Amino acid sequence: MRKKILFIASHRKDRAPGQRFRFEQYFDYLNQHGFTCELSFLLDEKSDKVFYKPGHYFSKLVIFIRSYFIRFKNLLQKNDYDIIFIFREALMTRSVYFEKQFRKSKAKLVFDFDDAIWHFDISEANKNLGWLKNPEKTEKIISISNLVIAGNNYLADYAKRHNACVHIIPTTIDTDYHKKKTIKKDNRICIGWTGSHTTIQHFEYAIPMLKKLKDKYRDKIYFKVIGDENYFNTDLSIQGIKWSLKDEIEQLSEIDIGIMPLPENEWTKGKCGFKGLQYMALEIPCVMSPIGVNSEIISDGVNGFLADKEDEWVEKISMLIENAELRKKIGTEARKTVIEKYSVESNKEKYLNIFNRLLS
């Protein structure tokens, strides 16, 4: 008899990187091994266009009301499932009502998270709605769950304070899908960043070193930002482009050197290194801040570079700009690392085994 899993998340399938690379890409594998996967999300394509824009408060109120109806519908069906899997939270408010109700069902409750969400963090567009958030609810959800899945050791250490059943599964890459494409372009070196409007602040952290590189190499290099089409920087001649599932591999493949700059704080310590892993899977040599899991992913000078101070960033990116063979060598080792440790193929049995043990 097939077992049923209800995945509770905010976004529709293939929309949000966290969902895609935490659990959505395992649906086919789970379906092949006795599970039926169903995703219940809150933001459809129309709502999505409004939710992350400033203002539009009436439309956002409608979205919240509709979200409650969606989750109440889930409650009516809660006993139809063997596992209810919550990614980050059931509802984007202070409430833990739905999590508590799911816990009372016949289903086992699984909680998965990939950021230090017990710290306050909210998008610029929704700053005025910050009062609706309660980061402390993460502790409550963890404590009532049958099982917790964390994206790295830092997150797992936090979870273990509130639950004895914690497993670590890293954010992973489908290396069959992530294969670099040959892109026709000029001889300039592209230094690129991928993210979203909510993480563009982290790209801004790199601006001082990128300006130094621009002054040093002038027309030999150019910069690319993927994920926020409203971002621009006149000093670096950057106009951000919108992320699209349809052409994301082509857009990423244009990048010769990927960067993942991060400030050091409690939020960034919980990051799961996704940007870097995407570059690495595509054999793009990358330079990353030595924050959190990045220092576990990267062996400095072997499969990528770690850079802390501004001069380090300039020095290590300069090495890659000036040496095509080094770029190729680092890129090859980077993809090898992803295949061995951070790929769907190397981690898919973890989900299957965890779910089967939970239900046995």
Side-chain angles (χ1 to χ4, degrees), residues 180-196 199-243 247-264 273 275-291 294-295 297-335 337:
K180 190 165 188 175
K181 298 189 176 182
T182 302
I183 303 296
K184 289 184 179 179
K185 56 177 216 165
D186 55 36
N187 293 324
R188 294 181 300 161
I189 302 297
C190 177
I191 300 170
W193 178 91
T194 182
S196 69
T199 56
I200 193 70
Q201 58 185 308
H202 297 157
F203 172 76
E204 290 274 308
Y205 182 67
I207 294 298
M209 39 270 208
L210 297 182
K211 284 182 177 179
K212 286 188 176 181
L213 289 165
K214 179 70 173 175
D215 291 340
K216 182 177 180 181
Y217 292 102
R218 299 188 178 276
D219 294 336
K220 188 177 180 179
I221 63 172
Y222 68 103
F223 306 98
K224 182 171 187 174
V225 167
I226 303 169
D228 185 352
E229 69 271 32
N230 297 314
Y231 180 78
F232 66 93
N233 184 294
T234 52
D235 291 335
L236 297 174
S237 302
I238 297 173
Q239 172 64 61
I241 62 171
K242 186 177 181 179
W243 172 85
D247 67 354
E248 69 171 334
I249 300 301
E250 287 86 349
Q251 293 292 353
L252 286 165
S253 293
E254 184 185 341
I255 297 172
D256 297 295
I257 302 167
I259 61 172
M260 186 179 175
L262 291 173
E264 184 169 7
K275 291 178 181 62
L277 292 171
Q278 264 201 313
Y279 304 138
M280 294 168 73
L282 293 168
E283 299 184 71
I284 300 168
C286 63
V287 183
M288 302 164 69
S289 294
I291 308 295
N294 289 1
S295 298
I297 295 171
I298 295 295
S299 296
D300 192 45
V302 178
N303 60 356
F305 287 102
L306 296 171
D308 188 12
K309 305 300 182 185
E310 190 173 302
D311 289 345
E312 269 189 283
W313 277 91
V314 173
E315 175 193 353
K316 292 180 177 181
I317 294 177
S318 294
M319 289 167 57
L320 290 168
I321 290 171
E322 294 172 11
N323 192 330
E325 278 302 310
L326 179 63
R327 294 198 300 274
K328 184 177 180 180
K329 178 184 174 184
I330 294 289
T332 299
E333 288 298 318
R335 181 170 170 84
T337 297

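Just so it is clear, the structure is predicted and the values come from calculations on it, not from any experiment.
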Smallest separation among heavy atoms of G258 and I284, with atom names: N-CG2, 3.5 Å
K185 and E254 ion-paired at < 4.0 Å: no
Closest approach of K180 to S253 (non-hydrogen atoms, all atoms of both residues): CE-O, 3.2 Å
Distance (rounded to the nearest 0.5 Å) between Y205 OH and E310 CD: 9.0 Å
Those residues that, when tested against P290, pass side-chain contact (heavy atoms from CB on, under 4.5 Å) (two or more places apart): S295, L306, D308
N/O donor-acceptor pair under 3.5 Å between K212 side chain and W313 backbone: no
E325 with K329: basic N within carboxylate O range, under 4.0 Å: no
Minimum heavy-atom distance N233-L236, with the two atoms named: OD1-N, 3.0 Å
Short side-chain to backbone donor-acceptor contact, D228 and G240, under 3.5 Å: no
Smallest separation among heavy atoms of G301 and F305, with atom names: CA-CE2, 3.5 Å
Contact check, side chains of K224 and I241, non-hydrogen atoms, under 4.5 Å: yes
Separation between OG1 of T199 and CD of Q201, rounded to the nearest 0.5 Å: 7.5 Å
Atom pair CG/OG1 of N303 and T337 - distance to nearest 0.5 Å: 4.0 Å
Trace of the side chain to side chain contact (heavy atoms under 4.5 Å, CB included) decision for V287 with E312: CA-CA 10 Å; V287 183; E312 269 189 283; over 6 Å; no
D256 side, atom CG; I317 side, atom CD1 - distance, nearest 0.5 Å: 12.5 Å
Shortest non-hydrogen separation from R327 to I257 and the atoms involved: CD-CG1, 4.1 Å
Intermediate values then yes/no, side chain to side chain contact (heavy atoms under 4.5 Å, CB included), I259 and M209: CA-CA 11 Å; I259 61 172; M209 39 270 208; over 6 Å; no
N-O pairing of D235 and K214 below 4.0 Å: no
Inter-residue atom distance L282.CG - I255.CD1, 0.5 Å rounding: 8.5 Å
Distance, nearest 0.5 Å, that separates CE of M288 from CE of M260: 5.0 Å
Other residues, nucleotides, ligands: >12 heavy atoms within 6.0 Å of E264 CD: no
Ring pair (Phe, Tyr, Trp, His ring centres under 6.0 Å) against Y231, all qualifying residues, sequence neighbours excluded: F203
Closest heavy-atom pair and its distance - L320, P285: CD2-CB, 4.0 Å
Kindly list each side-chain donor-acceptor pair under 3.5 angstrom involving residues 186-194, sequence neighbours excluded, with atom names and distances?
{"unit_1": "D186", "atom_1": "OD1", "unit_2": "R188", "atom_2": "N", "d": "3.0"}
{"unit_1": "D186", "atom_1": "OD1", "unit_2": "R188", "atom_2": "NE", "d": "3.4"}
{"unit_1": "D186", "atom_1": "OD2", "unit_2": "R188", "atom_2": "NE", "d": "3.0"}
{"unit_1": "D186", "atom_1": "OD2", "unit_2": "R188", "atom_2": "NH2", "d": "3.3"}

K216, NZ atom: more than 12 neighbouring heavy atoms under 6.0 Å: yes
